Structures are given as structure tokens and as C-alpha cells.
Amino acid sequence: MVSFSEIKKGLFRYEEAVGGWVATIKSAADLLKAAEKVKEAGVKKFDCFSPFPIHGLEKAMGLSRSWVPFITLIFGLSGGVIGFLLMTWIETSDWPVLHGGKPLWAWPAFIPITFELTILFGAFSTVGVTLYLGRLGKISRKPVVNSITSDGFAVWIGDSIGKDEIAKMLDGLYDEIIETPDPERS
Amino acid sequence: MNANSEKGNMWRSVEAKERQKYEVEKASPNEFPAAVTELIEKGFNYSLDRKKFLTIMGASLSMAGINCAKQPAEKIVPYVFRPPEAQPGIPVHYATARVNHQGVLPILVKAREGKPIKIDGHDEHPVSKGAMTADGFAGIWELYDPDRLKTSAEKTSADFSDIDTATAIAKAVEIVKGASNVRVLSRASYSPSEKKAKSSFLRARGSRTQVVYDAGGNQAQLFAGEAKSYGSAIIPQYRFDKADLIVSIGADFLGTWITPEVYTKQHSSRRNPDKNMNRLVVAETMMSLTGANADTRFPISAGTHLVFALGLAKQLLSGSAYANNASVKKAVAPYTAEKTAAITGVDATQIKSIAKELKKKKGKSLVVAGGTNTLDGDLGSIQVVANLINSILGNDGKTIEHNVPLLEKGDFSSPAELAKLIDDMKNGNVDVLILDRANPVFDLPAESGIREAIKNVKNVIAIADHKDESASEANLVIAASHYLESWNDGYSSGVYSVAQPVIRPLFDTQSVGEIWLQLAGLDSNYYNFIKDDNAGSYLTGSLNIAFEKALSDGFFVARRGGSSSSRKFKAGALSSIKAPTEANSGLTLTLYESVQIGDGINGNNSYRHELPDPITKICWENFVAVSKADAQSNGWRLGDLLEVSREGRSIKAPIYIQPGLKDGSVALAIGYGHESIGSVGDGVGANAWTLAGFSKNGSTFDGLSVEIKKVESGYRTATTQRHHDMHGRGLVRHAPLSDYKENPKAGSIEHDLHLPGRGLYPVHDYSILAEGKGTYKWGMAIDLSKCTGCSACVISCYSENNIPVTGKDEVWRGREMSWMRIDRYFEGEIENPTAHFAPVMCQHCENAPCENVCPTNATQHSPEGLNDMAYNRCIGTRYCSDNCPFKVRRFNWFEQWEGKIADPAQYALNPDVTVRGRGVIEKCSFCVQRINEQRQMAKSEGRKIEEKDLKTACQQGCPADAIVFGDIGNKETMARAQWDLERGYRMLDEVNVHPRVKYLTRIINQG
Amino acid sequence: MSTENVYSIGKPDGEIDNDILRPVESFPTKLWWIAFALATTAMLVMWGIIGYSFKVGLGILGINNPVAWGFYIINFVFWVGIGHAGTLISAILYLFRQRWRTSINRAAEAMTIFAVMTAALFPLIHLGRPWMVFFIFPYPNERGPIWTNFKSPLLWDVFAIGTYFSVSLVFWYMGLVPDIATMRDRLTNMEPKTKLGKFLLGIKKITVRIMAIGWVGSAKTWLHYEKMVMVLAALSTPLVLSVHSIVSMDFATSVIPGWHATIFPPYFVAGAIYSGFAMVMTIMIISREVFQLKSYITMKHLENMALVILLTGMMVSFAYTIEFVVAAYSGNGVEQYVFKNRMGILDHASPYAWSFWIMFTCNVVSPHFMWFKKLRTNITVLFIISIVVNIGMWFERYVIVVTSLHRDYLPSSWDLYIPTWADYGVLIGAFGWFFFWYLLFVRALPSIAIAEVKADEAGDKLAKGFGH
Amino acid sequence: MKGKALKIGIPIFLLGGLIWAMMGNYPYAQIGYGPKQPVEYSHKKHAGDFNMDCQYCHTGVTTGKKAGVPSINICMNCHVSVGFKEDMFTPLDKLQPLHDKWDAGESPQWVRIHNMPDHVRFSHAPHVNSLSKPGEPTKEVCKTCHGDVASMEVVEQVESLNMGFCVSCHKEKRETHDTRMNCSTCHY
């Protein structure tokens, strides 16, 4: 049995990579190592960027598992229940109608629609919550490095620590460290 | 100008007995007094109203979803004086009669807002007892036929120009005055007044002026035969209800012969297996309705009806009063059982056995013969033989009542006179020829040469309702009214009927009576003429009161018939008879009358054409019926178009392979093939009179030897039923009487023994869920022993429920709209099969498959067990129709009404039934409009519906009383009684749909 | 670890982008234009016919009283079937960690979307009063309110198809987002020569930017995203099975012999996958030839699909057999008659036996060629069979709908079904409509899931990397 | 800030509008439709001030489907003697058109106000009879659908008279008045 705090922790949000430094990395393997290092260095605000999901990265970054499926479960079930109750109410009390000698509450006939509604609600809630947690929809957002969506990898460090400290931290893993413009400050 | 108007106050309904005064003239300057109430403004001009109504209908149908969207502002035009019984929305019934060349048909006309919308049988009539045929019901559309003459016409130079009828008549009078040699060619008339009016015209011009002919020949043949054999030209009353054994030789008395509706009622009254059931034996060539209903049927070769009769007579002769009569002996001598068998193709032993049966039933049997299909060129010969047989059996006076005949004073002229007239016309000896509702060019055998002859007549005056083949040859066409528009009277089987107009003439027409009065130079008030000069000789008591009564009742019984002494048979009549002495070789044709078209005088009625032929289920066509063997030997297949030719004349018609037709025999229906009768009838089928023979002894319709060749294949014949085999599914169940006597459930088949039990759901109990107290449980029982398949119910349903006609192509596609159809199946070997009929309409299944699958709730079940159909909720998925095991649901593939019906056809629509638009499903509703009307009345009077008040259209239409509808939840009702009979079964009960229609197994009396 | 290497492409990520995005970023070829023109014409013809039938009524079709459902419903079932492979590949194969799916799932999903779009067209246009279609949605209205009949399989269809379409659409789009982001960032360093080019590029840039909904490949987003894909896959799997089961219930819950069969749901699902995979194969074979994607869609992919076709083909054949066995065993004369009538083994003519035998040869016989490696690795053979199978599957629906309806319980109501020009027009037009969208898709969006391919590639490298 | 307002406001507005429309509040619902009639007949005067019973003119209301618009002779029962100017000969201007029609032997063409779609069947008799209580004037029953006509100078439609209107009443009176809820009650 999982505690709600855990679930809450599993619903962490994306934070904008503004301010601080971005270190570009050569390969996925390096990125894993880099993430490890940054985590060990105890950096609070940091994030990794890659063109594709990398297995083990969340462990390396020390992120807790995503609890999106929990939302799916809740909405899915409620969708099914709402649908079934609605049909029951309509067919039995609001306007009872005789169909081919079937009882008014012909529950087996309600099952397909109940099922479909479960799926519908589940799926849309899942997508919705993902968009929300991933803060997707902010189309003005730019990638930290342009090549990220093609073949580049990068680590963003938001904490206020010096460039060379970062260089030390990621010794040999990065090829350059760029300062990211912070709209607030500039 | 028109008698009806002043005499409007005479109109009566059987319901409203007390007398009220119409102020028709005051009501409005318009033609339709009652029509104006509560009708949209456009209605004021009759040429628009209902059509506009339909436009709005169409609109609102398509706007049903957004229910009351803005509708065009409608106007309400009330009466100036409202006659108390004319309450808007409440129908008025008028008792009247259809008097025409076929005889007198007592009818009850239902009128709404002054417009007749339905014709029904007159239940109170002593003879007809409310019996009707499809032919009778179809009359309503003839009244509203858009192609009817709207006014008279005169031929100036080449083509016609319209003139109003009054002038036309005046002109006619002028023409006749001047002319020396005036002749009248007309169809029979059974209206005393009409005859009298006419005779006062003829008197001045000698007896031979008028020639009356019979296109179909049924009646002329009977009159002639009776005259020869008993001396008086009458048509006796055949009492099929009194006979235990009926032998019919070619006479289709259940379908087309003389008065089929009456005969059907009488016959069916004896088809109850629980009470001394009668037995019907039929010998005929083409399978007729009667033959299809026979307990035993003998297919005989074309042209041998007379031989069969003689053969039968010979068998019966020994030991009878006529045994030693020389001329009788001489006549029947050649026709030994073997000889007869050789010629007719019937088994000799069968002839003997029938004779034996007849001998057992002396005085309790009835032998009828005749009909178009037996006319062999010697008018009445077969009747003479039939009469001989009846006299031998002593049926005359018992099962044949002659003291009060069905029709008397048959005014038919002899074939010789007709031939003479045609000669005179050819030689130009006729100055003026008046055609009284006669269409000789169409319905006289082409051999008579009438087509050429009529061209040599200087002046042809046609009294007609259509510009038909003959009328278009005329110089002057006088437009005659429909029988629902005109006063008339009729006399048949001792009953005097007064026919009252139910609506003023839609067009500038006059009733035939008026026209003749004027031609005779008398006062044109036909109403007075009927009342003062004629009624008196039939009515008893004070004329005024008696006439009033006759008017409100629709009839007055002048003389009562009954059994009487038998007449003396004149054996001399037999001397002239010549019958074939050996079997005919090659293909031999017999022409017959079809149930739906008859002699074709109403050939412009689309509903008649849409009604499938009861036997072959083919519509919009007549066809060449051939036997399977002939088809195979000649390499003909279904879908071929054949050319039938005789003596240089030929017609083309599609093939139909008719089971139960003797090899070498070919059959073809008359009445089709109009060239100019109207937009509907023109070019439908082929005119079979082209092939008929004509001589001064009478026309030949039977035993014509013909050549047939195939001219085209892949011809599309419209039919409503393509399969004739029941595949042993026990749909129409039947059992011999003997079996039934032992086991009342005889005929039921094994699979009802293991009916499925409950399915996923518990069985629904309607008696419990029925809302409220004043509830009913509607159900129907159909007795297949009584049902003859005559299709009267189908037409009645068409008329009641605004069912559209779709036309040949759509029927061919399988898109006919009929809410109820008559399934016809053949069983047994193809040479002589048994035919079975079953009327199938929506079965209102308690577990209706259609309801479960409709996504929009357009069809659902009423607590009373009706399968409701809400057209305006239907979106047309057609899933219900797919899932209907009976396939009784019809889909509107195209718009059937809006812009499709020509004025004034829209008046025939029943305002109580929604006119369906395009794209919705429709089906039988058990006439829910009638149920609701009764329910509303009952409710407002705080009582329950009484069974006598409520009849479905089909029940009302059934002359055989085979259909019973009612509250099967109530132990007292007739419906319940029938429903509970052990004979009953539900069609496709194994599908577990629990229909609310029960069929009673057909019991066949195999003697 | 050899299984992984079979599919590994062994190109740097940049290369992969270039290969896959080539059709999207280059100007359409003549071949494409011809195909597109054909598709569009067919589509327009279809819309013309549909418009006409809206105007005058469904009478222009061949359907009649016993056979009230014809080509329209046949096409509907056919296209829904086609629409099953996509979701199956992207969902079920995903859950089974079938790596070979990555190169084909994007195209397959797209195919699903368009197939369902095509299918969804037919229930609408086959209505007698399509303008009243809103009657089938249960919403509070001023008519009582009168609701819909929740017991009707047609209503189940509405929900099933609706859910299926929307879920697959979302699933597909979410899958596209990272790749669209790739497109977005590639466009930034693209320089148009002409003024028009500049304008068009501007538009393209904006649309792509919007569609990419600000994706920047953050690990945090990836984490949720991965979960979402997994959940959607898990939801789509039962969904895809339910959809065709429910479609089959349109027939299975009826009382008509030949429809009234409990085996229909699994039978239809198998058939759907069967036809779906055949369609995917047809399209894949074409596109790998046309867009030089041979290194991504390898022989191995096609071979796997061929095996799936063989398997499902045998399942379908089994279902056919069962149907006949049940009919024979049922002791129900009507049922038995219908199946005899299908095969044409009656004492009298059965006008639609030919359709059954076409179906039989195409669906039961043809897949068995796949047993032979020689044949199932031969492009031509695969291409022909994949098309033959779809012909067969179309006729399967023809057999079910037409032969069952045209002779049911009462011989009196038996009749023929003769399609008209309108039926054929719409049949062809439907393909036009489908390919119209598919052709647009291959020009506008990456037809292979770039990110997933990269991920798999990286997976190989990492595996090696951790080796030492 | 403004962006947010739009983001939330627009969908809410659209959704609200949709529901509002669904509940049958169409801008074109017939409520309030009261056209000008050929004769300025005042129900207020007759039914209200003179307190005549509805059935004096609408005779069919308890016996038939249609309540019936009175035939002109019913008007004339009184108006041969009342409604004239001082000179006792010339009718009041309002009544002039009535007299003209009467003399011409025609009927005025009234404009229909309460109008059902053609696929709906409504019969007055059962409704009026089952709703009217003994000793109570008919108008009490008529009010249910036609509103208080007795107080209207020009009659206008007060109820939507759409299916919902009928059904709601049939629903609540299911027990008391044995009303029926299936299609064929009104549609056939």
C-alpha cells in the first residue's frame, strides 16, 4: 500500500530551464554518468535533456517513479460508474421504455458502453495529466541546445554555482558549458 | 346545374339518424363546403390544399428534431353555418352503393371534412353483409384520379378542345336530333333509373338502337345460359353457404366471377372445421383464386371446360329424371369418363369419384361453371350443361335460388346484334354512335374489327370518365361523374339501393343519369327522377319516409328470396352444343380476368397495378403463364419476353412458369395494355383482347390455338415474391379434415415441441407492466381455413394507412411498401400443387427483435402490446428491418409524396395517419389511429373500448371474416375466443419472438 | 543479445533524422502527385454520390427490403477491421516489448486513424435521414427528454468507435510530439530561396511549433511521457479487442440466421487483425520502396508480419469451420439452410455462393503460402498475398451481410441484392478518401517513430557500453 | 491575466450556450406568438369581462379532437343585436369586418396560433374531460396549455407546446390520470 505523499511525490512537475548553466554532453552513456555526478554533488535544481528516453536516467537523477497511472485508475473507474448509473437512471426511472420484452434494467446490455466509457475517461485523463505535469503547451519554449531533439544531450543546472565548479563536477563528460539567458534578469 | 347541391340536405349518415340541414350554398362559394374548415388557407383552392399540407408535412418531418421551428402561418376558415354532425376531425359515414356494369355493391363511405377518404363494406346489408373485394376498396382512388376527364371535350379538326359539360350535352342533343341512324353501344347497367332515363331516349328510336355488350363475358354468358335452359334471362342467387359440396368448372367465384365478395362470405361461412365444413372441387385451366382454395383441384387443358362438364353430366345421368331424355343422352353420349379424361387431361377415376360424391349430395351440392376463361365462342353453352347437372342433382331451387334473382332483366344484346352493329358501322350505316361508358376499341376482340369500324362512323359521342381508346375516336366526349359524386339507384337480389353523392363533383362532370335525361330531353334533375319516377316501384309505404329511410340505410329490401321449387330444364338447349371431341394439339391459350384489374375498365388506378396478383404475385404486368414442361421443351426461362400470336395478330408479354397448369395450355390475363387511359395505365401490360376470337355466336377466350416465340431475355418482371416453396418450415400450416378430427393440433410441426426456454432475461409479463387500469391486450387471430388470399385486406390497408405506390421498377428491386402482404406458397408436385395463403403484417412480437436494435427509441413497445413506430424519431438505420424475422418493415427509399402525387390524389389520404417522408421506416401499426380514436372516445366517456367499435382496416376489409382483432386479455371478446383455439399457432414461434398474431391452421376437406 | 542486433540500424542519430524526414522536407515526387491526384478524384466522386443520395434518398443504392444493409455496412466493417492493426502494433507489441514494431508502428497507427475515419463515414451516410443523426446521442433535450436506446448494438458502436477513434488519435499524436519537436528544430536552420518558399516555410514553422507543444526532451517530461505511453498501450489493448467485438455484436445479437452466432466477437477480432496486418504490409512494402527506408523496414519486419498474417489467417479459417459445425449441430433447419446456401450446395440455385468461394480461396488458402520461408521473404509474393487477403476479407463481410439477409426466415420475402453504380462508386471512393489522408500524412509527418528508433539504437550501445 | 480570463471564459460561455439551447430555449420557440387577427376579437372582453364559458364558442372541446373555431353564426347569435353604434344600425368599427363577412356569406380567415407539427396527434376531448373537475368552468382546464386567455386582449401562445411540455405533464400524471408514455400515444 502506497502512501499519498509518495503518490504526490510521483506527480512531480517539469520546471523551466531558465538561468544557470547548460552543459552539453556527447552520448547517452555520458549523460547517465553526468546525471549521477550532479546528483551526488547535491545540486537541487537540475535537469537532463535527450532526444529519446534513456532507461536508468531517472534513477541516476534520483527522480521517484511517475504516478500518472494512479490518475488513470481514478478517472477510468469514475467514468465507468457514471455511465452505468446514468443508463440505469434513464432506463428505469426517468423514462422507462419497453424494448423487445427485455426488463427495464437490462444490465448486461449496459456493459459495452460502461466499458467504453471507462477506457475513454482513463485515456483522456492520462494524456491530460501528462500534458499538465510536463507543462506541455508552452509553445514559446526553446530547447536548451538546438541539437537536443536530434542527437545532442545536455544537463541543466539551475543552482547558483560557478562555471568551473560545474566543469569540475562533470570532468571529461561535457564538451562545453553555456550560460542560459534568464528572462527575469536580462 | 347540379342536383346534389339543392338536395344536399338529403345526405345522411347511418350514425346520425335524425335529420339536420346543410347550408351548403351558404357555406362558401367554393366547391367544397366542409373542406374549408380547419384547413390551411391554400386549401381554399382545391387544386393546392393537401399538397401544400404535405409540403409542410415534409418540412416538419425533417424538422422533427428541432420540434416547433417556425412554421408558415396557417389560416383557419370556419363554417358560416356548421351542420351539427359535421364536426371537424370527426369522420362522417354515408351509406351508399356502387352501381355499375358489375352490379350493385353496397358500400359505406367514410368522409373527413367533407372528403371521402375510405370505402368500406356495408355491414347492415342483408346480402353482402359488408363484404368487399379489392376492386371495391380501390374505388376511392378512381374518384381522385388526376387523369379523369376534368371537363368535356369536342374534337375540332384533329385534336380535342375542352368545353364545359353542359354545352357538350347541348351539342350532343343537337347532333342526335339531326341524325337518322343513331346507335348506342354500352356496358350493362343495374340502375333502374338509369335504364329508364335511357329507354325514354331509345323508345323514340326503336328497340334495336342500343347494343349492350359484356367485355369480360361472365354475366352475358350466365344470362344466355339461363335463358336457354330455363327460359328466363336471370342470374340466380347461388347459395354457397347452403352447399356441402361445391364443384366449380372454371368459375372463379372467389375472385372475379359475378359477385365474388358475396360468394366469398358465403363460402367462408362454411369453412369452419368444427361445424359441418363444406368441400370445394375445382376443374380449371389457369389456377384461379378459387382453384387455389380448392380442396381438390383438377387442372384441365385449355378449351376443355365444356368437355369436363359434359363428362361429369354423363356420369351423373344414370338413374336421374333426365336419364331417358333423348337430346340429353345424345349430347353427353361421346363423353365417357375415359374420353373426357383423354381430352381434359383429368384422370378418369377422378371424374367418376367426383360424380359419386355429387350423387351423395343431391340437393346439398352446387355446380357452377363459366367465367371469361370458359367462353368458347358459343355463349352460354357451358351454363346449359351446368344447369343440366344442377337439375339432375335437384340443386335448382335449393342451393340455386331463382325466385328472387341476383340480377334480373339482363339487358345484354346477343353477340349477333353486336356483330351486326359493327358491320353497320363498317359500312357507314351509322350516323351517330353513342358510347355509354363503353370502351369497345379496348375491350372488344380485335378480330371484331371495331377499330376500323368506329372510324367509319360520322359522329361518335362518348360518355366517359377517361379519354380512353374509344373516347379518343369520338368527336364529342361528355365527362361522366364518379359514382361517389352522383345520385343513382340500383336493384339486385331483391334489394333496392339508393346511391347518394358523398362529395360534389370534383370536376365539371355530370352523372350518367343526368346526361341521359338531358339527351332524352327530360328535366335534368336526376334526384327527382329517381325519387318520383322509380323509387316508388320498389319502396313500400309513404314514398317520402320510405325514401328517407332507404337513403339513410343505403338500401331497402323489396323482395325476400329463399328456396323454392326447381325449374323445368329445357333439354332442347343441349342440341346446339358443340364440344371438342379430341385433345387439342400445340399450344392452346385461355384468357382470364385477373383479380386486381378485372376487365380493365379502371386501368388507370396505380393501386390496382401495385397489388400483386394473388396467385403469381406479379404486379404492373400481365404475363404468359406456361407449364414448366413447356418452358423447358421450348427453352424458355424466367425473364424471357414471349410473343404470342394468333391469326396474324400478336402481343408481347413476359413469361411466368405457372405450377398446376396443364402442359400445352397457356394463360393470359385480359384488362391490361391500355393505350390511352392515363399516365398510370398506358402501356402497362399487353392487351389480350388482341388475341380473342369473335363471332356472331359469341367471343372466344378459351381454347385459342396460338404460336409463341421468345423475342427477348433478361426482361424485368416486377414481383413481390420470388420463392414459392415453404422449405418445410411450417409457416402456413395445414391438415386434412380427417386428421383434425382426431387431433386438433394436427398440422403443427415438430419444432414447436422444443421451444427455447427463457434466455438471458426473464420473460416479460405484459399483463403486469400494462400502465394504469383502463388497459388492453391487443392481439389478432387469422383463420387460414377461411382466408382465400383475395387481397381485399391489402388494398383496404393501403387506403387506410396512406401507403404509397412505388411503381414497377421499385417493386422489381423489392421495395414495395405494402404494410401487409399475402404470402403464397405452393406444395406438392408442380403439375398440380396445393396453394397456401397467409396474410402477413407486423406481428407485434412481445419479444420484438426490431425494438432492441433501434438506437434512437423510434420503435418501442406499448404496454398494451403494440409495436409502436414513431416516424419522426426514426433516422433510418434500417437495422430493425434487417432484424425482423418477418421482413414486414418498409423503408421509404425515396420521397413518395411530396411533389409526387398529382392533384386531387392527395384528398384520398387519411388525415389520421402521418404521411411518411423520405428515409424513415414504416410498418403495420394494428391501425393504432383507430385504436386511439376509440380510446379517446372511451376515455372521455369514462368507459372501456367495446369490441364492435374497433376493427382494423384489414379485418374490416376481409370478406371471408378470416381476420379477427381485439383485446385478447378480455375473456369475452371474439378475438380471445379465436386466440384460444387449439388450431392456433404463432408463425416462427421457435425464434421466441412471441408474436401477437395467431394463425389458425388451414384445414383442407379432402372428402 | 542477437535478437536486438537484428533490427539495429547502426547509423548515427543525425543520419536517422535525415533518412526519415527526407520525404517530409523535400518536394513531393511525380509519383506522389499522381497517386494523390488519383486518390483525390476517387474521393470527390464518392462525395458527389453521397451528396446526391442526401438529396434524393438511399434509393439510388442497390439495397432493398430483405437486404436493407449493403455495401455501406460491408465497407464499414471492412475499414474498422483495417483500423485494428495499427493500435495492435503500437499497443500489444509494445506491451510484449516486440522491438521490431518501432519501425512500423507510426505508419500503422496513422493507417488506423484514417481507416477509422473512413469507417466512421459509412454509418452516417447509410442513414435514411443523416441530418437527424444527433438523435443517436444521449443528451438532455427538449423532447421529454427522450433518450437513446442503450440496449441497441448500434449505440454501442457509436461509443466504441468514438472512443477508439479519439483514443488512437491522441495516442498517435502524443507519440508524434518528440518527432515534431525534432522537425521544429531542424527547420530553424533551413533557408528558403524564393519569396513563396519563405512564406510557406513561415507557415510550416508556426504549425510545427504549435504541434510540438513546447517539447524540449526534459528527462522529467520523458518519465511521465513513458508512463503515459505505457498506460495508453495498456488501455488500447482491451479497447482494440472490444471495438470489433462490439461491431460483431451488430450481427451476433440479431435473430437472423447467419448473424446470430456467439463466435462472432473473437472471429471478427481475428479477422480484423488479419486484414489490418495485410493492409500494413501492403503500405509498408510500397513506402519502403518509394522512400528508401529499406534499412528501417527490413525483410525481417515483413517476415514477422507475414507470420502474424499466417497465424490470424488460420484463426479466421477456424472460425469459419466452427460456424458450419455449429449450424450442422444446431438442428436448426433455417440456420443449416443459410450455410448450405452460402456454399451453394442446395437443390436449387444459391445466387451468392460465388462470394463465399472467393472469400474461401483468399482467406483460407492464400495465407498458407507463408509457411515457406522462400515465399514469405519474397517481396512480390508478400505484396500479392497482402492484397489478396484484403479482397478476401471484404468478401467475408459481403458473405455475412448479403447472403444471410437475402434468404432468412420467410421464403416469401427472399429477394436478390444487386448493387448499383452508386454502391461501386462509394466503394472505390472510400479507398480514395483513405489514401488521400495517408498520402498527406507521409508528406507532412515522420512515418517512422524517430525517437523510438533512436532509443532502441542507444539501447544497443548502452548495453555494449556497460559491457566493459 | 487577461489571457487567463479568455482561456476559461470562452469555453464556459460556449458550454453554457450549448446546454441552454439543448434545454429547448430556442430563440425561435413559438412562445409569445400572437399575430393580428382579421377581426379584432378580444378574449379579455368575452371570456374575461362577460365571463362566457370557452365551450360556448369552442364547441368541440369536450367531444372531439379539435376544439373548433366557432362558425360565424355563433358570433351572430349575439352580434345581430349587440355591438352597434348609437344609431343602432351601423356596427362598431371593430365589428365592421365581421358584418361584412356575414353579409358576404363568408368566414373570416383566422390566423392559427397554437399549431402542432403534423406528426403529432392531439385530441382535446380526453384531455379536457379528464382534467376538468365538476362544477369548475372549462377555462380552468384550458389554462394548463393556453394560459389565462380570459385576460388576453390578443391571444398569444404562452407555453412552448413542444414534446417536453407534453411529456412532463404525462410523466407527473402517470399515476393519477392513467396517462400513457409510449410513442403511439401521440405519434401515428
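Protein chains get the first letters and strands the later ones, always in sequence-line order, with residue 1 at the start of each. Since the structure is predicted, the reported quantities are computational estimates derived from the model, not experimental observations. Note: hydrogens, waters and symmetry copies are ignored here, and every other heavy atom, side chains too, is used.
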OH (C:Tyr94) with more than 12 external heavy atoms under 6.0 Å: yes
Side chain, backbone, both or neither of C:Lys454 within contact of chain A (heavy atoms, under 4.5 Å): both
Part of C:Asp17 within contact of chain A (heavy atom distance under 4.5 Å): side chain
Between A:Ser93 and A:Trp89, a side-chain donor and acceptor under 3.5 Å: yes
Part of residues 109-118 of chain A lying next to chain C, heavy-atom separation under 4.5 Å: A:Ala109, A:Phe110, A:Pro112, A:Ile113, A:Phe115, A:Glu116, A:Leu117
Residue-level interface, residues 55-64 of chain A with chain C, non-hydrogen cut-off under 4.5 Å: A:His55, A:Leu57, A:Glu58, A:Met61, A:Leu63, A:Ser64
Can you tell which of [options] has the highest number of heavy-atom pairs within less than 4.5 Å of chain C?
options: A:Asp151, A:Asn146, A:Thr126, A:Val68; answer: A:Asn146
options: A:Thr72, A:Ile54, A:Val129, A:Val97; answer: A:Thr72
options: A:Val144, A:Ile148, A:Leu136, A:Leu11; answer: A:Leu136

Chain A contacts, top residue of C:Ser152, C:Ser236, C:Pro145 (heavy-atom pairs, under 4.5 Å): C:Pro145
Verdict with reasoning, A:Tyr14 to C:His224, per ring pair (Phe, Tyr, Trp, His ring centres under 6.0 Å): CA-CA 10 Å; A:Tyr14 169 81; C:His224 290 311; over 10 Å; no
Engaged part of A:Arg13 at the chain C interface, taking heavy atoms whose separation is under 4.5 Å: backbone
Side chain, backbone, both or neither of A:Leu131 within contact of chain C (heavy atoms, under 4.5 Å): side chain
